[in-house]
Colleague: 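The structure that follows is given in the form of structure tokens.
In what follows, every chain begins at residue 1, and chains take the letters A, B, ... in the order their sequences are listed.
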Number of protein chains: 4
Amino acid sequence: MVSDPTSEILVDLNCDLGEGYGVWRLTDDHALLTMVSSANIACGFHAGDASIMREMCHYAVANNVRIGAHVGYQDLAGFGRREWGGEVARLAADILYQLGALAAIAQAEGGEVSYVKPHGALYHQALTNREIAEAVVTATRALHSELAMMVMTPSVLATVATEQGVRVIVEAFADRAYASSAALLPRVQPGAVISDAESVANRALDLALGQPITDIKGRSFTLHPDSVCIHSDTPNAVAIVEATHQKLRAHGVQVTSQRTTRPQ
Amino acid sequence: MVSDPTSEILVDLNCDLGEGYGVWRLTDDHALLTMVSSANIACGFHAGDASIMREMCHYAVANNVRIGAHVGYQDLAGFGRREWGGEVARLAADILYQLGALAAIAQAEGGEVSYVKPHGALYHQALTNREIAEAVVTATRALHSELAMMVMTPSVLATVATEQGVRVIVEAFADRAYASSAALLPRVQPGAVISDAESVANRALDLALGQPITDIKGRSFTLHPDSVCIHSDTPNAVAIVEATHQKLRAHGVQVTSQRTTRPQ
Amino acid sequence: MVSDPTSEILVDLNCDLGEGYGVWRLTDDHALLTMVSSANIACGFHAGDASIMREMCHYAVANNVRIGAHVGYQDLAGFGRREWGGEVARLAADILYQLGALAAIAQAEGGEVSYVKPHGALYHQALTNREIAEAVVTATRALHSELAMMVMTPSVLATVATEQGVRVIVEAFADRAYASSAALLPRVQPGAVISDAESVANRALDLALGQPITDIKGRSFTLHPDSVCIHSDTPNAVAIVEATHQKLRAHGVQVTSQRTTRPQ
Amino acid sequence: MVSDPTSEILVDLNCDLGEGYGVWRLTDDHALLTMVSSANIACGFHAGDASIMREMCHYAVANNVRIGAHVGYQDLAGFGRREWGGEVARLAADILYQLGALAAIAQAEGGEVSYVKPHGALYHQALTNREIAEAVVTATRALHSELAMMVMTPSVLATVATEQGVRVIVEAFADRAYASSAALLPRVQPGAVISDAESVANRALDLALGQPITDIKGRSFTLHPDSVCIHSDTPNAVAIVEATHQKLRAHGVQVTSQRTTRPQ
């Protein structure tokens, strides 16, 4: 199962970064940027501001970390976790606004935005709501025809992206319990967030190696993600990502945003 | 003085547009977009939101109106008219954020951002404060090397732009009193805003033709602007711009954002 | 049915006022304050700011207009018309915050807050959602035990208010079509908003006199409101309220926030 | 100099609390609320939101901590540290709005607002600018005639408060270097913030006992504060306050918001 030197296993590790605002910070973004290979950078609507975005892009470029636009609902007070009750036409414009803002800042720092990953309630609503998924995909394509969409599958968002010719970066979650192979356990339910570093690291390794993991009811299933997500807003996020990073390397898995050779 | 058919006088007419937010509007943007040749579109910091920006870009493209980024301080409550007491490093990022957002939206509507014009207190502070002027110019160049800067001269902002290779679109104000040939009378002083449509139209014509105008003390001076600005936040802005538009055409002056042949 | 000189009919007329923000205004608040008897003053969350609130309270006191707190969701971008997807515990605190802010400003201007009327999506959700209605009522009682609740009936909000000992000011809408005697036609449906001044005035008179009105399907029903609401965000709101005011007086109905003698 | 059992020394210890927003926190407010005797609670303009304010009031009441309104400029992005360039008339309304909001929330939690302490740039500008100081004092008096003003002396704010009959709670800073006996060293200068817990504790003790302290140039001077402030936004704020609390008790000084018997 361990990789041999001639066919190394590669996995992308993504984290939500830059989710502060003004004087506030949610995690140690700098430490995380030395370990992840993809940074989902908040774009100022649910979190993040122009200065934080610039700082994140600067360090992402310096650490060769892929830049993603972590777009959300305009809701600093609710951190983008409140569902949208507005017009979808306005939503598409809001997303495009965020994408353009990050693209300009990334470019000024010598980088570029490679993918889009919705945040919070926008992510969850786009998994199942076609109208919202279309707003996300339409805005994504409007910015740049090469932009990819990072999202779990199966999902309406992944389907719409594929339909419209947007490449999907399939992600799986190492620190969230699954209700089934196709859905996360809602965050408010007990056991939804896995906070033990060793458990997350093991789960990330299984996901990277194409090994089965189990859902909340103990049922086994296998995912083949392009990218493994670890949340950055848990209190010990840095320790979790460190443990994961070490575990992966100890098993010969390289953390990189280059396209992986997925073990099937 | 009137143009002859073989050497038509051209003048650019610019207005601040899209300065609403959510349900609020400040003027009849649609009517103005049928008459001006350059639209300074608010970018969400002092006014404007993503949906309004998209609507403005859509109609600007439809009316063949040049798109400018009307960037401002992050101050919806004060309409960007309050002076900045923050760090200039943050300011440059804030401006870049706005430019990128508008650029993405303009592109999605089939247009592009051609120039930058600062708003309110940012405009006024950049006229004299080199550090602030540099933040504006640096952000402008970071977005696109061909972006121009619209500003009155002489001014520190025009100087810094020129030093850094950014083309300056020199503007003059048809509806504001001048304290001298080089400075506007502050908005709070009596007589600062000219609200009589006929007076504004005559002044715009003089500016377009390279004829002298007078300052608040009656001293005569001649400006040679590339663009004439009329404010859109006066109660009768639409009537003023209509009167100006008619007056200019009646005297053979064409309103266009194409480079003018300036009568010297 | 028409009032005789010895027992004059009284009706309260309420409008949403102060729904601007910074430089923006939605209507001519000053003109409306000379005609209505109750002012629902926006408290800064969906619209309004401290300076506008102070101005509204000042003119309300000067015109002997009753002051109500028009509380809403924290959503300037969406004018409080987007449904709430957040925690109800946070909502109660948000409402209390708004009530306290207006109470302090009203007091500084020599007035006082007499009632609470929720705005937009908060109003609509509180009509049917008990948890949200309880948040509104709890916050209302926490400010002042004598505060009343202005709302249409039958509704969950009116029921909860009554259960908790909060007096209900029953309102009806003169400028909105009813789907039935108990529900408005949603604003997005054709015919939902009545914008003809004469029609609104007649409807207001019928409501004041206890005469039947008809719903969108032509079915007749009779309401006995304590207060008649006319919206202030229609383009001709001032003309509508003027016509209504004249019509009422011409029929001997006095516009006042004093408790009405309701014709049954 | 050390207190004898029959005349115990009392000192008030105040901290800025509740300076988070939405998901963000700046310090461990709960821990600090078990040690301080006065809580300067952020009111939503520079930091704080309705839910955090309610939580702070709840724990302040539970811990018998005096509640103060920590009012600031409307500037979440700049944490209220950016100078105000707006109209003072608007400022007074903004302050009153914050005071009313906190007053309602404090009352709902069984407490009350006892004093006002401006934050950040508002504090610093009110120390020297009479117009701004008057806005703060006017708003304070408008809420409640018994409200006190917490501020350092000598200062324009203290003078204006006294002139208008507002009681002054004189504060001194245990964790900030003084440029002279009358002014703090600006925060941006080296050595301005004292972050060594033992040093702060000793300085707090000297202030409590009426012993001299030294300014940045080593000059000795004696202050007689009613209250000692320790900032809560330093990384080790909790450890600093703990060390101070212990030091004070070890020397027989009681931390309380009851009027102190000042050693002269």
Side-chain angles (χ1 to χ4, degrees), chain C residues 18 20-23 41-45 48-58 67 69 71-74 76 84 86-113 116 135-145 147, chain D residues 18 20-23 41-45 48-58 67 69 71-74 76 84 86-113 116 135-145 147:
Chain C
Y21 188 77
V23 295
I41 299 180
C43 297
F45 270 45
D49 61 35
S51 295
I52 293 173
M53 288 158 71
R54 170 169 256 178
E55 195 185 329
M56 290 301 106
C57 288
H58 181 82
I67 294 173
V71 297
Y73 290 134
Q74 188 169 18
L76 285 178
W84 174 260
E87 300 161 46
V88 173
R90 287 184 65 92
L91 176 58
D94 281 356
I95 295 170
L96 190 50
Y97 183 99
Q98 295 174 73
L99 293 180
L102 183 63
I105 289 172
Q107 175 194 302
E109 295 297 330
E112 61 171 345
V113 177
V116 173
V136 175
V137 174
T138 303
T140 299
R141 292 179 62 211
L143 185 73
H144 198 295
S145 64
L147 226 49
Chain D
Y21 188 77
V23 294
I41 299 180
C43 297
F45 270 45
D49 62 33
S51 295
I52 293 174
M53 287 160 72
R54 170 168 254 177
E55 196 185 328
M56 291 301 107
C57 288
H58 181 83
I67 294 172
V71 296
Y73 291 134
Q74 187 168 18
L76 285 178
W84 172 261
E87 301 161 45
V88 173
R90 287 184 64 92
L91 176 58
D94 281 356
I95 295 171
L96 190 51
Y97 184 99
Q98 296 175 70
L99 293 180
L102 183 64
I105 290 173
Q107 174 193 303
E109 294 298 329
E112 60 171 347
V113 177
V116 173
V136 175
V137 174
T138 303
T140 299
R141 291 177 63 207
L143 185 73
H144 197 296
S145 63
L147 226 48

Colleague: Name, in order of residue number, those residues of residues 99-106 of chain C that have a heavy atom at a distance of less than 4.5 Å from a heavy atom in chain D; otherwise write 'none'.
Modeller: Gly100(C), Ala101(C), Ala104(C), Ile105(C)

Colleague: Taking side chain to side chain contact (heavy atoms under 4.5 Å, CB included) as the test, write out the residues that go with Arg141(D), two or more places apart.
Modeller: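 With neighbours one apart ignored, the set is Val137(D), Gln164(D), Val166(D).
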
Colleague: Would you please name every residue forming a side chain to side chain contact (heavy atoms under 4.5 Å, CB included) with Glu109(C), sequence neighbours left out?
Modeller: Arg54(C), Cys57(C), His58(C)

Colleague: Does the Tyr97(C) side chain pair with the main chain of Cys43(D), one donor and one acceptor, at a distance under 3.5 Å?
Modeller: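 Checked: pair present.
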
Colleague: Quick one: side chains of residues 87-96 of chain D, donor-acceptor pairs under 3.5 Å with protein atoms, not counting sequence neighbours, listed by atom name and distance.
Modeller:
residue, atom, partner, partner atom, Å
Arg90(D), NH2, Ala77(B), O, 3.4
Arg90(D), NH2, Asp49(C), OD2, 3.3

